[in-house]
Protein chains: 2
Amino acid sequence: MYDETITSVKKTRNAQQKQQLILQAALEVFSTYGLQGASMEQIAETAGISKSNLFYYFAGKDDLYVAVLSQVLTAWLLPLNQLEKEQDPAQALGNYLDVKFQLAKDSPQASRLYALEMMQGAPYINTILKGSLKKLVQQKTAVINDWIEQGRLKPVSALHLIIHIWAVTQHYSDFTVQTQAISGKTLKNKSFYQEALATSKQLLIESLIPTVVEH
Amino acid sequence: MYDETITSVKKTRNAQQKQQLILQAALEVFSTYGLQGASMEQIAETAGISKSNLFYYFAGKDDLYVAVLSQVLTAWLLPLNQLEKEQDPAQALGNYLDVKFQLAKDSPQASRLYALEMMQGAPYINTILKGSLKKLVQQKTAVINDWIEQGRLKPVSALHLIIHIWAVTQHYSDFTVQTQAISGKTLKNKSFYQEALATSKQLLIESLIPTVVEH
DNA sequence: GTCTATAAACAGATAGAC
DNA sequence: GTCTATCTGTTTATAGAC
């Protein structure tokens, strides 16, 4: 009886660990070759298991893809939740840029997978985009517009400001090869990282902070 | 004799037209599914010809891909050449943004193909990036730095400014689905196009134009 | 849970008739 | 130049032994 319990707990733990192992391997392969370009064999190999064993854990290629994509999507959209109108605009937006740049540097695979899914028309997450993401963006553009009305931020299109932040962070992550080719550096280089982040803050945030006029 | 000449001219013309037709179809399919995800069958189908006929015009999948990619690469990097230090900074940079936004709107497939190639490590054009693109960027960062030294532009990292412009234009093109999902609009919508472009100019260019101080 | 073997479909590419 | 037929390898997915 004791043994059974212990064994079953162990198995559950192993199963969960193995699932995470598979998801990690799948992220690696899917983010490199895309959904169509990736093969289950390659994913199994990367995870260090057999192909048929992989099919034991996930019913099919699509199932596995959706599982990986869901994880990425959550991590990707979470940081925007932090923006609140009670905060100082420069601080809040600066913090958001910080977090997004961190993600761009530390999770290039997640970034690429997200981009690949978007570029193929987001067939698996279109409903989520039109649902919770749209709602989230509406809330946060309201926050930014609030700042503008209070004179704490210069007039700017809130929607396009958010898009610009997404564009830049996504680009530094997804176009590493191009950046590396023309500059020899990537976000992994500390001074390059600081320079990129500083330029983003200068252009996308500081330029929007009203200059206090003394009387 | 007359007939032969006419026939051969016709055939040449047809062959060229057909090659262009194939390249167009290939761009469509490659940009949607990526190199690995695309199939020669699908490309042939899109072009309205048989698979074996496609193999008559292009030796293999890679050959066709490189042909398409070369066309895109040329169109993609050409506009940057226009930047010259004799120009007015606001005008020159504004014009560059105009052209890049036009491309983003009118050539979403080329944009996507370029992005896909980058995201997969640019295996087919890495040498070009490290060669002529790097050289081009060095020339143009020099132009921007010249403007800054002359006090015609506020201090900013020239390299990262260029990267920011690339990031934004690429994003509006490649992430159309996301933009559409959250706003209901794309660059095809005139007012949305104007708003996006205006915001980019505000953040990436106008914020860098020195305010003339009267004495 | 994990393996070997294999089915079934599909992909890139070629041969050869017309 | 274009077609049909086909070869060859790869891919998703399953059956069944252990």
Side-chain angles (χ1 to χ4, degrees), chain A residues 3-23 25-26 28-69 116 120 123-124, chain B residues 3-69 116 120 123-124:
Chain A
D3 276 309
E4 268 180 27
T5 314
I6 290 169
T7 309
S8 106
V9 167
K10 258 190 185 171
K11 271 184 182 169
T12 306
R13 193 174 291 159
N14 283 338
Q16 283 180 340
Q17 280 181 349
K18 202 154 194 176
Q19 249 201 2
Q20 265 308 122
L21 184 78
I22 291 171
L23 286 173
E28 206 170 311
V29 178
F30 278 135
S31 69
T32 307
Y33 300 102
L35 172 56
Q36 290 85 1
S39 83
M40 294 295 270
E41 178 106 50
Q42 208 176 349
I43 294 171
E45 206 175 306
T46 305
I49 61 174
S50 74
K51 193 175 58 164
S52 30
N53 196 204
L54 174 55
F55 273 98
Y56 173 78
Y57 283 93
F58 289 91
K61 200 185 184 181
D62 281 18
D63 277 59
L64 180 53
Y65 180 73
V66 170
V68 176
L69 195 60
L116 283 172
Q120 305 208 353
Y124 291 91
Chain B
D3 276 310
E4 269 181 26
T5 312
I6 290 168
T7 311
S8 107
V9 167
K10 260 191 187 170
K11 273 185 183 169
T12 306
R13 194 173 291 158
N14 282 339
Q16 283 179 340
Q17 280 181 348
K18 203 154 196 178
Q19 251 201 359
Q20 265 309 120
L21 184 78
I22 292 171
L23 286 173
Q24 178 56 39
L27 172 61
E28 208 170 310
V29 179
F30 278 135
S31 70
T32 307
Y33 300 102
L35 172 56
Q36 290 88 0
S39 83
M40 293 296 270
E41 180 106 50
Q42 208 176 349
I43 294 170
E45 207 176 303
T46 306
I49 62 175
S50 73
K51 191 171 63 161
S52 30
N53 196 205
L54 173 56
F55 273 97
Y56 173 80
Y57 283 92
F58 289 91
K61 199 185 185 182
D62 280 18
D63 278 59
L64 179 54
Y65 179 72
V66 170
V68 176
L69 194 61
L116 283 173
Q120 307 212 349
Y124 290 91

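Side chains are part of it too, since the values below use all heavy atoms of this structure and drop only hydrogens, waters and symmetry mates. Quick note on labels: first sequence line is chain A, next is B, and so on, each numbered from 1.
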* **Non-hydrogen side-chain atoms of A:F30 and A:L69 separated by less than 4.5 Å** => no
* **Where protein sits on nucleotides 8-18 of chain D, one letter per nucleotide: B base, S sugar-phosphate only, - none, heavy atoms under 4.0 Å** => ----BBB----
* Asked: How many Å lie between CG on B:L54 and P on D:dG1, as a whole number?
  -> 15 Å
* Short side-chain N/O contact to C:dC3 OP1/OP2 from A:S50, under 4.0 Å -> yes
* Value in whole Å for how far the P atom of D:dA5 lies from CG of B:N53 -> 16 Å
* Atom CD of B:Q42 to atom P of C:dA9: distance rounded to whole Å? -> 19 Å
* Any side-chain N or O of B:Y57 under 4.0 Å from OP1/OP2 of D:dT2? -> yes
* Asked: Measuring from B:L21:CG to B:Q17:CD, what's the distance to the nearest 0.5 Å?
  -> 9.0 Å
* **Pairing residues for B:Y57 by the side chain to side chain donor-acceptor pair (under 3.5 Å) criterion, not counting sequence neighbours** => none
* Enter the distance from A:Q36:CD to B:L35:CG here, rounded to the nearest 0.5 Å. => 12.0 Å
* Using the test side chain to side chain donor-acceptor pair (under 3.5 Å), find all partners of B:Y33 that sit at least two apart in sequence or belong to another chain. => none
* Gap separating the CD atom of A:Q120 from the CG atom of B:L116, nearest 0.5 angstrom -> 7.0 Å
* Structure fact -> Within residues 23-32 of chain B, those residues having any heavy atom closer than 4.0 Å to DNA chain C are none
Acceptor/donor pairs from residues 41-56 of chain A side chains to any protein atom, 3.5 angstrom cut, sequence neighbours excluded:
unit_1	atom_1	unit_2	atom_2	d
A:T46	OG1	A:Q42	O	2.8
A:S50	OG	A:N53	N	3.2
A:N53	OD1	A:K18	NZ	3.3

* Base-paired stems in DNA chain C, each at least three Watson-Crick or G-U pairs under 3.5 Å -> C:1-18 with D:1-18
* **Whole angstrom value for the distance that separates P of C:dA13 from CD1 of B:I43** => 11 Å
* Asked: Does C:dT2 have OP1 or OP2 sitting under 4.0 Å from an N or O in the side chain of A:Y56?
  -> no
